[in-house]
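Input: a single structure, listed below in structure tokens.
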Number of protein chains: 2
Amino acid sequence: MVTLAQVARHAGVSPSTVSYVLSGKRSISEATRRRVEHSIAELGYHPHAGARALASNRSNVIALMIPLRTDMFVPVMMEIAISITTTARRYAHDVLLLTSEEGPSAVKRVAGSGLADAIILMDVELDDERIPLLRQTGAAAALIGLPADPSGLSCVDLDFEATGAVAADHLADLGHREVALIGAAETVYRRHTGFAERTLAGFGRRAAERGLSFLHRPCGGSHEATAGTLSRILEERPGTTGFVVQNEAALPHLLSLLRQVGRAVPEDASVVAICPDDVALHASPQLTSVSIPAEEMGRRAVELVMAQASGEDTTGLTLLAPTLTVRESTGPAPHAG
Amino acid sequence: MVTLAQVARHAGVSPSTVSYVLSGKRSISEATRRRVEHSIAELGYHPHAGARALASNRSNVIALMIPLRTDMFVPVMMEIAISITTTARRYAHDVLLLTSEEGPSAVKRVAGSGLADAIILMDVELDDERIPLLRQTGAAAALIGLPADPSGLSCVDLDFEATGAVAADHLADLGHREVALIGAAETVYRRHTGFAERTLAGFGRRAAERGLSFLHRPCGGSHEATAGTLSRILEERPGTTGFVVQNEAALPHLLSLLRQVGRAVPEDASVVAICPDDVALHASPQLTSVSIPAEEMGRRAVELVMAQASGEDTTGLTLLAPTLTVRESTGPAPHAG
DNA sequence: CTGAAAGCGCTAACAG
DNA sequence: CTGTTAGCGCTTTCAG
């Protein structure tokens with residue numbers, strides 16, 4: 001193992017000088033810096049992470065807690081995790097992966113052992129067990145998702161109200177007058193509160209502003225549930241031509257059901273999905289959708305904890321603006337027959 | 001921060017005694033141990049990871065390098081990563097997540113900085129850039145997947161030869177006489193060598209042993225490519241009733257194409273997929289498949305590096321036995337018309 | 001069975 | 001602009 005002391009000897013300077021060349025915490029003459037950097041390269045020196053953490057009281061590690069239960073769409077989780085890792089590297093940090101299998105106590109372990117300087121929680125639940133521990137340890141932290149009580153916490157999430165509004169706008173712009181929001185399953189409403197309700201609120205308000213008449217129906221993920229939901233909507237409002245769907249599982253069923261009942265997409269009915277781009281692209285027809293900005297969520301979370309490290313107060317919600325991508329599943333409203 | 005010294009004072013023993021209670025490296029009287037453990041609990045002590053790493057020269061961390069390019073099926077990658085993390089915890093280790101974005105030099109950085117005691121590489125390529133560095137640093141390591149030259153390395157992978165054989169056996173048992181292997185795309189054959197060829201070898205040998213006549217065709221993932229492949233197979237061998245498919249992307253297309261040409265699955269044609277269970281379960285009909293044993297791959301990889309840590313030589317291939325799950329896509333061969 | 005004490009490699013005052 | 005040095009908290013000889 002090459003040590004800093006060896007580098008110092010090789011370069012003919014003191015250990016502290018090498019340390020300062022590395023950290024940039026004081027000015028070094030050009031000549032000295034070059035000599036040191038040369039020695040570092042020649043010896044293949046890498047600072048010992050543990051020693052550094054011990055002396056500086058900072059580990060340069062961010063802990064990332066992912067849920068075991070994998071009901072968030074897995075590729076999205078993965079994309080967030082990758083985004084967090086690559087962003088962390090830009091701040092010279094590494095990422096420690098924790099699963100919730102260890103339980104909420106992992107928060108205490110990581111905070112208490114100096115393993116990580118900050119914690120990012122993914123897939124935060126309404127009433128997340130980890131949050132009290134987080135508050136108690138006072139660790140730097142960012143949450144992806146919104147808990148019931150986000151006071152004093154730094155949270156990142158998609159702006160679901162704006163998402164609902166954007167979807168309503170798109171359908172209104174295309175001339176649709178009667179629209180329906182096919183929502184998440186009941187179970188999702190219970191656990192993950194907030195996101196479904198927020199979408200509905202934004203959708204409802206904008207639909208009203210644009211003079212649309214609209215319906216909202218929660219929906220299970222199975223074929224049967226989707227069929228039931230759709231037929232009830234069409235019975236109640238046969239003139240419905242625009243659908244907003246916030247339910248990945250129901251999406252393929254809905255598409256085949258619409259075809260089955262003779263409503264071609266997008267000629268007779270338009271569908272706006274709220275889902276990851278993957279899903280939208282793999283459906284047929286490809287879906288006009290508001291995507292989940294996974295990359296940005298991960299990046300923002302890292303930026304939040306890094307800002308905290310430099311003393312900033314980042315408390316509050318970071319709500320990301322939705323972007324709607326027009327694909328093949330939406331088109332002008334059919335002329336009233 | 002609670003330190004070991006504070007625990008020692010609180011318990012009325014020396015620091016070394018506390019250390020030995022923690023490590024179990026020498027015998028401690030029952031009374032002392034109890035006092036120390038009580039103090040630890042009461043003070044909420046957690047050993048400082050960096051200090052421990054510095055003093056012991058072991059970080060208790062395993063580095064996991066995942067590919068950025070995400071052509072392995074993402075949920076499988078995720079499942080492996082989770083399996084690695086939970087298994088690591090059983091050995092009191094944590095997992096550091098590295099993406100290949102940093103490049104192969106991440107191997108050097110991690111090995112050189114004492115950040116991790118061992119490295120697990122996922123989605124290893126035939127001629128992986130990281131492998132020379134791994135050999136050079138001599139770090140403890142395990143690979144998931146097989147490189148071209150695995151000599152001196154510890155590798156874990158599904159036994160694809162046995163996989164091919166199992167698939168052939170299943171079709172033979174059901175009375176099929178003419179079968180076809182629809183393989184991966186050409187590009188996959190190039191990069192990921194080994195796995196496709198190994199499947200083919202196993203399939204071909206067993207098919208021959210069982211007296212089946214068989215065909216092998218690589219296949220792109222698009223609808224068009226799949227259609228072309230299928231029609232050429234049926235032209236050349238109209239009597240083909242059994243298909244083995246090692247190509248996730250082609251799977252849905254193949255199923256709808258078979259329906260289209262009037263071959264009902266499983267009445268007229270049987271399909272065995274080689275794919276993650278997810279994919280098999282979401283197809284309709286649900287697919288008889290040989291699954292990718294993600295959980296076991298992750299677990300084995302951790303076990304390999306932990307064994308290396310205790311001085312064992314684990315060099316060699318760990319090939320996991322395939323398991324075939326019968327679902328709805330295979331059935332008895334139709335009687336010859 | 002238990003203590004005392006010497007570092008592990010680095011950072012950050014404190015000096016100059 | 002550079003050097004000296006006292007720890008950071010833990011492990012592990014060496015003594016007893």
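The analysis underlying the following values was restricted to heavy atoms, covering all of them including side chains, and did not include hydrogens, waters or symmetry mates. Chain identifiers are assigned alphabetically (A, B, ...) following the order of the sequence lines, protein sequences preceding nucleic acid strands; residue numbering begins at 1 within each chain.
Counting heavy atoms from C-beta outward, A/Leu96 and B/Leu96 have side chains that approach closer than 4.5 Å. With a 4.5 Å cut-off on side-chain heavy atoms, A/Ile144 and A/Ile84 count as touching. Here the side chains of A/Pro150 and A/Leu143 are not in contact, with every heavy-atom distance at 4.5 Å or above. Using a 4.5 Å cut-off on side-chain heavy atoms (C-beta onward), A/Ser154 and A/Thr318 make no contact. Using a 4.5 Å heavy-atom threshold, the side chains of A/Asp157 and A/Met297 count as touching.
Looking at which nucleotide of DNA chain D each of A/Val13 and B/Ser56 is closest to, the 5′-most match is held by A/Val13. Remark on DNA chain C: of its neighbouring residues B/Pro15 and B/Ala51, the 5'-side contact belongs to B/Pro15, judged by nearest-heavy-atom nucleotide.
Taking atom CZ on B/Arg9 and atom C1' on D/dC10, their separation rounds to 15 Å, with Å as the unit. Atoms CG (A/Leu4) and C1' (D/dG3) sit 13 Å apart, rounded to a whole Å. Following rounding to the nearest Å, A/Gln6 (CD) and C/dC10 (C1') show an atom-to-atom distance of 13 Å. As a whole-Å value, the separation of A/Leu54 CG from D/dG7 C1' is 9 Å. Rounded to whole Å, the distance from CE on B/Met1 to P on D/dC10 is 6 Å. Counting to the nearest Å, the C1' atom of C/dG9 and the CZ atom of B/Arg52 are 18 Å from each other. If you take CG of A/Asn60 and P of D/dC8, they are 20 Å apart, rounded to a whole angstrom. As rounded to whole Å, 7 Å separates atom P of C/dT11 from atom CG of A/Leu22.
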Side chain to side chain contact (heavy atoms under 4.5 Å, CB included) assessment of A/Ser151 paired with A/Arg135: CA-CA 10 Å; A/Ser151 61; A/Arg135 288 204 160 95; 3.5 Å; yes

Verdict with supporting geometry, B/Val74 and A/Asp278, side chain to side chain contact (heavy atoms under 4.5 Å, CB included): CA-CA 12 Å; B/Val74 178; A/Asp278 293 58; over 6 Å; no

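B/Ser19 has no side-chain polar atom (N or O) that falls below the 4.0 Å cut-off from OP1 or OP2 of D/dC10. For B/Lys25 and D/dT12, the shortest distance from a side-chain N or O to OP1 or OP2 is below 4.0 Å.
Less than 4.0 Å separates DNA chain C from at least one heavy atom of each of the following residues of residues 28-43 of chain B: B/Ile28, B/Ser29, B/Thr32.
For A/Ser16, the listed nucleotide lying nearest its side chain is D/dT5; candidates were D/dC8, D/dT12, D/dT5. The side chain of B/Thr17 lies closest to C/dG3, out of C/dG3, C/dT11, C/dG9. The side chain of B/Tyr20 sits closest to D/dT13 out of D/dG7, D/dT13, D/dT11. For A/Arg26, counting side-chain heavy atoms from C-beta on, the closest listed nucleotide (C/dA13, D/dC10, C/dT11) is C/dA13. You'll find that the side chain of A/Ser27 is closest to D/dC1, out of C/dT11, D/dC1, D/dT4.
For A/Glu42, the CD atom is densely surrounded, since the number of other residues' heavy atoms within 6.0 Å is greater than 12.
B/Val18 comes within contact range of no nucleotide atom at all, as no heavy-atom separation falls under 4.0 Å. Contacts of A/Thr3 with the nucleic acid, taken as non-hydrogen atoms under 4.0 Å apart, involve only primed sugar atoms and P, OP1 or OP2.
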